[in-house]
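Here is the structure we will look at, set down as structure tokens.
All values below were derived from every heavy atom in this structure, side-chain atoms included, with hydrogens, water molecules and symmetry-related copies excluded. Here is how names work: the chains are called A, B, and so on, in the same order as the sequence lines, proteins then strands, and each is numbered from 1.
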Amino acid sequence: MLNEHMQTVFDYPDALTPGVTHYCPGCTHGIIHRLIAETIDELGIREKTIGVAPVGCSVFIYNYLDTDFAEAAHGRAPAMATGIKRTLPDRIVFTYQGDGDLAAIGTAEIIHAAARGENLTVIFANNAIYGMTGGQMAPTTLPGMRTTSSPSGRDVEVQGWPLKMSELLAQMPGASYIARRSVHDPGNINKTKKAIKTAFQVQLHQAGFAMVEVLSSCPTNWNVSPKDALTFIKEQMLPYYPLGDYKIGDAIKTLV
Amino acid sequence: MTKELWKGNEALAEAALRAGLEAYFGYPITPQTELLEYLAKKMLATGRAFVQAESEVAAINMVYGAASTGARVMSSSSSPGMSLMQEGLSYIAGSQVPVVLVDIMRGGPGLGNIAPSQSDYFQLTKGGGHGDYRPIVLAPASVQEAADLMYGAFDLADKYRYIVIIAADGNIGQMMEPIEMPPQRRLEKKDRGWELTGAAGRPHRLISSIYLQSEALHQFNMHLQAKHRQIEQNEVRYEEYLLDDAEYAVVAFGSAARAAHSAVRWARAKNIRAGLFRPISLYPFPHAQLTALAQRVRALLVVEMNTGQMLEDVRLAVAERVPIQFYGVTGGLVPFADDVLPEIEKLTRLDNGAS
């Protein structure tokens, strides 16, 4: 029974719809969604934000965030977001994309959105695997990593090298803010939150393209427990995908 | 109003601007490029949304995004580019946002060539992308008609929350003709209850083509089919020429119909009672009108700049009532009246059992 002296110290952000997500136990999409919702609340932009959902596990993100949403074709979220932002330049437009969406089928769209310096915020969840289709090799699957389409482990001689999207996009003059973060422990979750907030603030300042790559877990398709999945991020993914700020444009130096 | 000399591609662009075009996303491809260039000049100078995309795939998805906000938006392309846009068109149809496209058709398949053709009839009128949808397809036979159809295309797209494609061949895009350009329209923007603008003081909205439950997707498809029936009832457009007493009818659209028009006139001079039936809406196809026509004439000739794509729809409408002959050229070859006249004359011999 609630005591009248009790205070609410933790609650759903307004921009996060209450309820249960469809994500697997131990998946970190839910954490990243919450960080976006907290950011939207803190910046007071819920009523002018339009999200663009990807194809992949986070296809239903529009059920969890209480903002207008468009559902893009696979990989085309940056193009669709460009169309929205160019017709409504005073709205805040963001995409949420996984690694297959952003770094395989949508590589052209993300590179050219950055090259044009579109005033967009991109949240890129990189879990090094195709989740929704059941664990196939992703463009970011680590060398040697087993997936259902690299059953003996990714052989880079045959299946090529994983893409480092933050490093790649940071070269673009149109990219204003590019950062890689991780959500494998509370300290890093806090750092991820700060980066996501910065990426939205960049757009509020119309300072160009902003992306936060978030290293994310997929215990189901990695075939490990939720706890071991967090360890996998720390021990296996961080060495190949170092965390850090890859681009802080001159126009946003005061924001960071 | 005085007439002005306009090139087809530029007339289409200007007519779109005068109809209230707010956003354009495209990619250069011959023989459509002047349309993109004209809009680049006009729209960038006036601060309207114009993006030359990295591909037709990106362009159509930018169109999809802009359409989701309720903007008057269009793209333009030519046959290979239209092939690339089919993915986006399927999503647009599945999300029911209004979009206008121009296809200045060239020769296929593959890279084909850049010369005029009507090779996209199948792709445009039967759906093109995956799923049970069919865009409204309008085929002008002159620069004037191209401008007029373009001018009304956005209202049509809005009316049905659907795709309208102006399907012109390279002849219409490239040639110049004197036309009356319609006047500039003023648009009043009002919320129609579906567009994405930010959920200010209302529940959030979703533009999406996903229906995970089988029953829900089936219901949506039935809704699309009901929309098709409405379109078929309301939007059939065609032109008849000398058909009242005709014994022989030529069926042709776009610039092929212009050659057929002259050939029909020449046939009349030779005392052959010929007439022309010109579908303007390729979807909805003037099915019932052709069925009725087949009950009054002795034989039909279909003329196309392809190997017989509309021919299949004519056959469906006519069934076995009268003989149907076909004359088609491809690869950028254009039928001339003196090519079509002998084909009309063949119809009369066919009729006498001499074929």
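- Taken to the nearest 0.5 Å, the CG atom of B:L212 stands 9.5 Å off from the NE2 atom of A:H22.
- Residues B:E22 and A:T87 have side chains not in contact (no heavy-atom distance under 4.5 Å, counting atoms from C-beta outward).
- Within 6.0 Å of CD on B:Q213 lie no more than 12 heavy atoms contributed by other residues, nucleotides or ligands.
- Across every non-hydrogen atom of A:A79 and B:A58, the tightest pair is CB-O, 3.6 Å.
- Per-residue counts of heavy-atom pairs under 4.5 Å with chain B were compared for A:A70, A:A73, A:G51; the largest is that of A:A73.
- In plain terms, the two heavy atoms of A:Y62 and B:S208 that are nearest each other are OH-OG, 4.3 Å.
- Rounded to the nearest 0.5 angstrom, B:N61 CG and A:T82 OG1 are separated by 10.0 Å.
- Looking only at side-chain heavy atoms (C-beta outward), B:V51 and A:R86 come within less than 4.5 Å of each other.
- By the 6.0 Å contact criterion, NZ on B:K159 is enclosed, its count of non-hydrogen atoms from other residues, nucleotides or ligands being greater than 12.
- For A:W161, the CH2 atom is loosely surrounded, since the number of other residues' heavy atoms within 6.0 Å does not exceed 12.
- Within a 6.0 Å radius of NE2 in B:H228, other residues, nucleotides and ligands contribute more than 12 heavy atoms.
- In this structure, the portion of B:F25 lying under 4.5 Å from any heavy atom of chain A is its side chain and not its backbone.
- With chain A as the partner, the residue from B:I210, B:I60, B:T197 showing the most heavy-atom pairs under 4.5 Å is B:T197.
- Taking OG from B:S68 and CZ from A:F69, the interatomic distance works out to 13.0 Å, rounded to the nearest 0.5 Å.
- Partner of B:T69 under the side chain to side chain contact (heavy atoms under 4.5 Å, CB included) criterion, out of A:V93, A:L88, A:D68: A:L88 alone.
- Taking CD of B:E87 as the reference point, atom NE2 of A:H74 lies at 9.5 Å (rounded to 0.5 Å).
- When heavy atoms are compared at a cutoff of 4.5 Å, A:A77 does not approach chain B at all.
- In this structure, CE on B:M62 lies 11.5 Å from CZ on A:R76, to the nearest 0.5 angstrom.
- Within 6.0 Å of CD1 in A:I252 there are more than 12 heavy atoms belonging to other residues, nucleotides or ligands.
- No part of A:V52 comes within reach of chain B, as not one of its non-hydrogen atoms sits under 4.5 angstrom from that chain.
- Dense packing is recorded around NZ of B:K189, with more than 12 heavy atoms of other residues, nucleotides or ligands lying under 6.0 Å away.
- Under the 4.5 Å side-chain criterion, counting only non-hydrogen atoms from C-beta, B:H204 is not in contact with A:L65.
- Of the listed residues (B:A49, B:A66, B:A199), the greatest number of heavy-atom pairs within a distance under 4.5 Å of chain A belongs to B:A199.
- At most 12 heavy atoms of other shown residues, nucleotides or ligands fall within 6.0 angstrom of atom NZ in A:K194.
- Of the possible polar contacts, none joining the A:E71 side chain to the B:S209 backbone as a donor-acceptor pair under 3.5 Å is found.
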